[in-house]
Amino acid sequence: MKNNSFFEKVYQVTQLIPEGRVTSYGAIARYLGAPGSARMVGWALNNAHNLEEFIPAHRVVNRNGLLTGKHHFPGPRVMASLLENEGVTVENDQVVDFQRLFWDPNRELPADSLGNL
DNA sequence: GTACTGACTTGGG
DNA sequence: GCCCAAGCCAGTA
């Protein structure tokens with residue numbers, strides 16, 4: 001198990017995001033113990049394209065609920081479409097009721113949901 | 001080996 | 001309430 005890597009954790013947490021919910025890079029980074037390394041979360045997801053495993057990166061947005069990473073998807077409409085497909089309303093590249101749909105791993109997820117910390 | 005950029009966040013003015 | 005600057009780590013030039 002190499003889940004101890006920061007990147008691997010990001011992938012795990014991202015896959016653990018419930019359907020119809022969204023979270024922010026900072027929340028994941030903070031859950032991993034790196035509140036200031038929010039950029040690394042995005043970088044990890046960028047690397048996620050290299051993985052054979054599907055990563056619901058469309059459920060990860062910035063703290064404003066804005067789909068900042070939609071431009072990195074196969075299509076600029078893929079991210080919003082996937083979110084809307086899961087019941088998340090996206091308007092003007094921004095998640096509606098983001099605060100309500102916000103899924104905080106630090107609050108909703110146990111401290112050892114990654115398997116073995 | 002140094003410099004810049006990048007799917008971000010937070011704090012200060 | 002809005003704008004500017006710093007911090008973070010890794011990859012690429």
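No experiment lies behind these values; they were computed from the predicted model shown. Numbers restart at 1 for each chain; the letters A, B, ... are given by sequence-line order, proteins then strands.
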Salt bridge (charged side-chain N to carboxylate O under 4.0 Å, His left out): pairs with one or both residues in residues 22-35 of chain A, sequence neighbours excluded: none

Sequence neighbours excluded, every pair satisfying salt bridge (charged side-chain N to carboxylate O under 4.0 Å, His left out) that has a member inside residues 43-57 of chain A: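 Non-adjacent pairs meeting salt bridge (charged side-chain N to carboxylate O under 4.0 Å, His left out): zero.
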
List, one per line, each side-chain donor-acceptor pair under 3.5 Å for residues 34-49 of chain A, sequence neighbours excluded.
none

Heavy-atom protein contacts under 4.0 Å, nucleotides 7-13 of chain C, coded B base, S sugar-phosphate only, - none: BBBSS--

Members of residues 74-108 of chain A that approach DNA chain B, where some heavy atom sits under 4.0 Å away: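 Hits under 4.0 Å, by residue number: none.
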
Nucleic acid contacts - residues 53-73 of chain A versus DNA chain B, non-hydrogen atoms under 4.0 Å: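 Only A/A57, A/N62, A/R63, A/T68, A/G69, A/H72, A/F73 qualify.
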
Salt bridge (Lys or Arg N to Asp or Glu O under 4.0 Å) partners of A/D93, counting only residues at least two apart: A/K70

For A/R107, all residues meeting salt bridge (Lys or Arg N to Asp or Glu O under 4.0 Å), sequence neighbours excluded: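 For A/R107, no residue satisfies salt bridge (Lys or Arg N to Asp or Glu O under 4.0 Å) once neighbours in sequence are set aside.
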
Enumerate all atom pairs, one protein N or O and one N or O from nucleotides 2-4 of chain C, separated by less than 3.5 Å.
none

Solution key, residues 59-69 of chain A side-chain donor-acceptor pairs under 3.5 Å, sequence neighbours excluded:
from  : atom 1 : to    : atom 2 : distance (Å)
A/R59 : NE     : A/E86 : OE1    : 2.9
A/R59 : NE     : A/E86 : OE2    : 3.3
A/R59 : NH1    : A/I17 : O      : 2.8
A/R59 : NH2    : A/E86 : OE1    : 3.4
A/R59 : NH2    : A/E86 : OE2    : 2.7
A/N62 : OD1    : A/N64 : N      : 3.3
A/N62 : OD1    : A/G65 : N      : 3.1
A/N62 : OD1    : A/L66 : N      : 2.7

Can you give each donor-acceptor pair under 3.5 Å made by side-chain atoms of residues 77-84 of chain A, sequence neighbours left out, with the distance rounded to 0.1 Å?
from  : atom 1 : to    : atom 2 : distance (Å)
A/S81 : OG     : A/R77 : O      : 2.6

Set of side-chain hydrogen bond (donor to acceptor under 3.5 Å, both in side chains) partners for A/N85, sequence neighbours left out: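 With sequence neighbours excluded, A/N85 shows a side-chain hydrogen bond (donor to acceptor under 3.5 Å, both in side chains) to no residue whatsoever.
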
